[in-house]
Number of protein chains: 2
Amino acid sequence: MTMGSNAGGRRRPPTIHDVAREAGVSRGTVSRVLNGGHYVSPAAQEAVNDAIRRTGYVVNRHARSLITGRSDSVGFLLTEPQERFFEDPNFNVLLSGCTKALASHDIPLLLMLAGTKDERRRITRYITAGHVDGVLLVSSHSGDPVAEELREAGVPLVACGKPIGLGSKVGYVAADDRDGARDMVRHLLAVGRRRIGMITGPLDTPGGVERLAGYQEVLTEAGVEIDEALVVSGDYSRASGAAGAERLLAQAPDLDAVFVASDLMAQGVLTVLERAGKRVPDDIAVGGFDDSPVATEVSPALTTIRQPWDRISNEMVRVLLAQIGGEDPAAVILPTELVVRDSA
Amino acid sequence: MTMGSNAGGRRRPPTIHDVAREAGVSRGTVSRVLNGGHYVSPAAQEAVNDAIRRTGYVVNRHARSLITGRSDSVGFLLTEPQERFFEDPNFNVLLSGCTKALASHDIPLLLMLAGTKDERRRITRYITAGHVDGVLLVSSHSGDPVAEELREAGVPLVACGKPIGLGSKVGYVAADDRDGARDMVRHLLAVGRRRIGMITGPLDTPGGVERLAGYQEVLTEAGVEIDEALVVSGDYSRASGAAGAERLLAQAPDLDAVFVASDLMAQGVLTVLERAGKRVPDDIAVGGFDDSPVATEVSPALTTIRQPWDRISNEMVRVLLAQIGGEDPAAVILPTELVVRDSA
DNA sequence: TTCTCTACTGTGAACGCTCACAGAGCATGG
DNA sequence: CCATGCTCTGTGAGCGTTCACAGTAGAGAA
């Protein structure tokens, strides 16, 4: 234990050379041990590992990157209007999931927020210069200029949710929105509801469109007439959920259930219903989407569709690393799960 | 415009050598232009800048870091139980504020989440190996082993909120919790309340302690007797706010105001009060703390204490960069602001 | 003139690593 | 016996930058 507790001025850290000398082998052998250990004798292997432990050696990533051309880091890029995502608890789950999945590969995550035009320019420049090996993208909007530019530059890219307007050269991971919506509406039918309204997500995003499609499909299958007045659109935010509920109550007083495309909106809906004197689920059943933390914090607890955020983040990382490794971009659709609680 | 739109396989990017040749100067001169431009003639300056623009040159940070020993990147380290922070909208504001403040210095932020023991080990290793120049720390708990180890290794460190148990070698930036609490309680007194309860934050954190101290100070000054039954403790979460409100109502039915140490808890309080048939603010005034997004989403909108999160993140970055530059760790206390809305 | 000082420029030498290559040792097969 | 192949090891070069140093030119002072 000659290392450590050297408070203040840091001393020069051991290099691969020091390890080689300590282990009685050459730099090349140490390097081979560090990178998988192929073509290394067991004896050398052990000697090197011992030496690494004794010296407290940690690879200098800059030197490695300089020669390999890889940075061994990836960017997490958010080009959405940030308020929307930062308000959304799912975003944090996604971000932390990706961070941890990457950490297990010893790859740091660089957070990149593209708000202003200046930031967009800077970030594009940073990424295309090769300072990260690939990018995890959160941007459901169509025609995202940053994403488009990165795609053209050939940067490995994996989006969360199916991206609009980007070609086939980007991978993506998404929950099966349509199937989730189907499950929820089937459940509402199963508990005896017939006048089922819906508050959709933004309809310029695939997620928003798919959830609406699932809703319509099941009703059609069940022979329930689709009433235009029962569908209003929102943007996933609490406020838009409240607004949607008010419109819905006005347009269709005989509503007996509502499928809300996000839990956050559902929270707004519950507030409005309570104020309007409607009991949930007795008078009106409410189904959410996401299974975000708020689902269990509201009263009654939300029946909702769980998006497998942990799996989504893991898959995003897996697909991105594969893509960095030279594989073709993959599209992954993950199953959702109906979570029945008190609201429906 | 010979660059760009080279879809697929990236070509070798221009180096400082290419720029030098293009500008008709030496590598050294280009390097000097890149690093502040001292001791460079205006003519050379211009020639180099032109050449940079023509070639689309971007510095190779790995090569630079290899020789300077700096990484020109900083870590954002979260050692708290993550749920607590990820649930808190302020955390996102802090994170995005730091990211942007750093971006304006062209310094990437590496997100580091220390949950499991394995992650803690990995992160400590990563940081002490010098892969980041400094660390922005979110960890109000006392006796944080990761932070302690980093401090001992001499890593520049700036905490958000006054850290407990860390020596004077770490900088920190905090809001003036005590003063904020004083302002709120004075306001409650000013609107005629006398039986003022409090739901505190965690009392093993300076923030929690300070807010309680401010509450007690003002009541004492005002000659109001401090009643033990009027103070219950929470942990900043919605659920603990609700629980606190229930205890408070049981212990002190004549309560006419309550100062809640976070907006999130206040949200829980409002729910309980509504259910108990208490009108806010008529029967009971509610004061929050943070001015987080929920403050305006609940009804009635919360009167609260605004923490200057944008300034906090900017200051954290400023202090950290100064510390990396060799200055001594600084402690910065920023003023809070009373925001009067409907709940008190 | 000559000497000094300042402003500017170019030139190796690093930084710590990986990679290609050469070569050693050993077994196998003809 | 050499030829061939395999496993393993060491060596030199080079990744793209900064830094220390040497050196040039011109201005000003002695």
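Proteins get letters first, then strands, A, B, ... in listed order; numbering begins at 1 in each. Not measured: the values here are computed from a predicted model.
Following rounding to the nearest Å, B:I67 (CD1) and D:dG14 (C1') show an atom-to-atom distance of 14 Å. Separating the CD atom of A:Q45 from the C1' atom of D:dT7 is a distance of 14 Å, rounded to the nearest angstrom. Distance, A:L66 CG to D:dT17 C1': 8 Å, rounded to whole Å. One can place CG of B:N60 at 13 Å from C1' of C:dC15, the figure rounded to the nearest angstrom. Atom C1' of nucleotide D:dT17 and atom NE2 of A:H62 are separated by 13 Å, given to the nearest angstrom. Nucleotide D:dT7 holds its P atom 12 Å from the NE2 atom of A:H38, rounded to whole Å. Per the geometry, NE2 belonging to A:H131 stands 10 Å off P belonging to D:dT17, to the nearest Å. To the nearest angstrom, P of C:dG16 lies 16 Å from CD1 of A:I52.
Proximity note for A:I16 (side chain, C-beta onward) versus C:dT18, D:dG10, D:dG16: the nearest is C:dT18.
Under the 3.5 Å distance criterion, the side-chain polar atoms of A:T128 are matched with a main-chain donor or acceptor of A:T124.
Within the 4.0 Å cut-off from OP1 or OP2 of D:dC19, not a single side-chain nitrogen or oxygen of B:T68 is found. B:N35 has a side-chain polar atom (N or O) that falls below the 4.0 Å cut-off from OP1 or OP2 of D:dT18. Under 4.0 angstrom from either OP1 or OP2 of D:dG16 there lies no side-chain N or O belonging to B:T15. Look at A:T29 and you'll find a side-chain N or O under 4.0 angstrom from OP1 or OP2 of D:dG10.
Salt bridge B:R61/B:D72: absent, no basic N to carboxylate O contact under 4.0 Å.
The NE2 atom of B:H131 sits 8.5 Å away from atom CZ of B:R125, with the distance rounded to the nearest 0.5 Å. In this structure, NE2 on B:H38 lies 10.0 Å from CD on B:Q45, to the nearest 0.5 angstrom.
Both A:V25 and A:Y39 lie near DNA chain D, and the one whose nearest nucleotide falls closer to the 5' end is A:Y39. Residue order along DNA chain C, read from the 5' end via each residue's closest nucleotide, puts B:R27 first among B:R27 and A:R27. Summary of the strand contacts: A:S31 and B:G24 both lie near DNA chain C, and taking for each the nucleotide with the nearest heavy atom, the more 5' one is attributed to B:G24.
A donor-acceptor contact under 3.5 angstrom links the side-chain atoms of B:R32 to the base of C:dG10.
In this model, a donor atom of one side chain and an acceptor atom of the other lie less than 3.5 Å apart for B:D133 and B:S71.
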